[in-house]
Amino acid sequence: MKIMVINGPNLNMLGVREKDIYGLDNLESIEKMVEKECKKRMHTVEFFQSNSEGAIIDNIHRAYFEKFDGIIINPGAYTHYSYAIHDAIKAVNIKTVEVHLSNIHSREEFRSKSVTASACIGQISGFGKIGYLLGIYALEKQN
Ligand code: DQA
C-alpha cells in the first residue's frame, strides 16, 4: 500500500507540549517508527505536517491525484470543528483512519466530539504513538 500520514496543528511540538498527555517523543521519532513498520510490511509511506487547514486539505487532495491507498490522519484540534477536512476526506474516497495520541473521550468536553471521524473508516484514540501503528494495521484490514 501507498500510505500518507498527516499530522495537524501543534503536532510538530510533540516532545515539548504537554508531555504528560502526549508523551516524550517528538514527531520525527514517531515518523521514524511508522516508517520502519511500513518498510517491514512492504508499504511505502509519506509524511506531512501542517498547522494550516488549507495545507492539510491540499495534501488530502494530493493523496487522490498521486493514487495513495490509505491515509492516517491526526487532525489535532481541527478534529473538533473542521467540516472542510471532513469534506476533503469524503471527496477523495481514500480509506482514512483518524488517530489521536490522547483519549479524546476522557478529556475536556469539547474534545469528545470529532467532526472528521465520520468521514473515516474508524478512529483510534488513547494509545499514544502506538495509535499510528494501529492505523497501519487497520488500513491493511480494509484494503
Ligand atoms: C490530539 C487531541 C486534540 O484534541 C488536540 O487538539 C491535539 C492532539 C491527540 O492526538 O490526542 O492537538 O489530536
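Just so you know, ligand 1 is whichever comes first in the structure, and atom 1 is the first atom listed for that ligand. By convention here, the first residue in the shown sequence is residue 1.
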Open item on the list: Please say yes or no: joined through hydrophobic side-chain contacts below 4.5 Å, possibly via intermediate residues, are V92 and F47 part of one cluster?
Closed with: no

Open item on the list: Test your reading of the structure: does N74 have an N or O sitting under 3.5 Å from an N or O of ligand 1?
Closed with: yes

Task: Heavy atom of the protein closest to atom 9 (C) of ligand 1 (residue, atom name, distance) - done: L101 N, 3.4 Å

TODO: Indicate whether any N or O donor in one side chain lies under 3.5 Å from an N or O acceptor in the other, for S114 and E98.
DONE: yes

- [ ] Please work out whether the ring planes of H80 and F110 are parallel, tilted or perpendicular, with thresholds of 30° and 60°.
- [x] perpendicular

Open item on the list: So, using salt bridge (Lys or Arg N to Asp or Glu O under 4.0 Å) as the criterion, who are the partners of R62 when residues are at least two apart?
Closed with: E46, E66

Task: Closest protein heavy atom (residue, atom, distance) for atom 11 (O) of ligand 1 - done: S102 OG, 2.6 Å

Open item on the list: Just checking Y64: does its OH atom have more than 12 heavy atoms from other residues, nucleotides or ligands closer to it than 6.0 angstrom?
Closed with: no

Task: Per-residue contact class, I104 against ligand 1 - non-hydrogen pairs under 4.0 Å - done: side chain

Task: Heavy atom of R17, distance to ligand 1 below 4.0 Å - done: yes

Task: ligand 1 to A77 polar contact by distance, N or O atoms, under 3.5 Å - done: yes

Task: Y81 and E53 side chains, donor-acceptor separation under 3.5 Å - done: no

Task: Nearest-contact summary for atom 5 (C) of ligand 1 - protein heavy atom, Å - done: R111 NH1, 3.3 Å

- [ ] Measure the distance from atom 1 (C) of ligand 1 to every protein heavy atom, then report the residue, atom name and distance (to 0.1 Å) of the closest one.
- [x] H100 ND1, 3.7 Å

- [ ] Indicate yes or no: at least one non-hydrogen side-chain atom of I3 is less than 4.5 angstrom from one of V34.
- [x] no

Task: Which residue and heavy atom of the protein sit nearest atom 4 (O) of ligand 1, plus the separation - done: H80 NE2, 2.7 Å

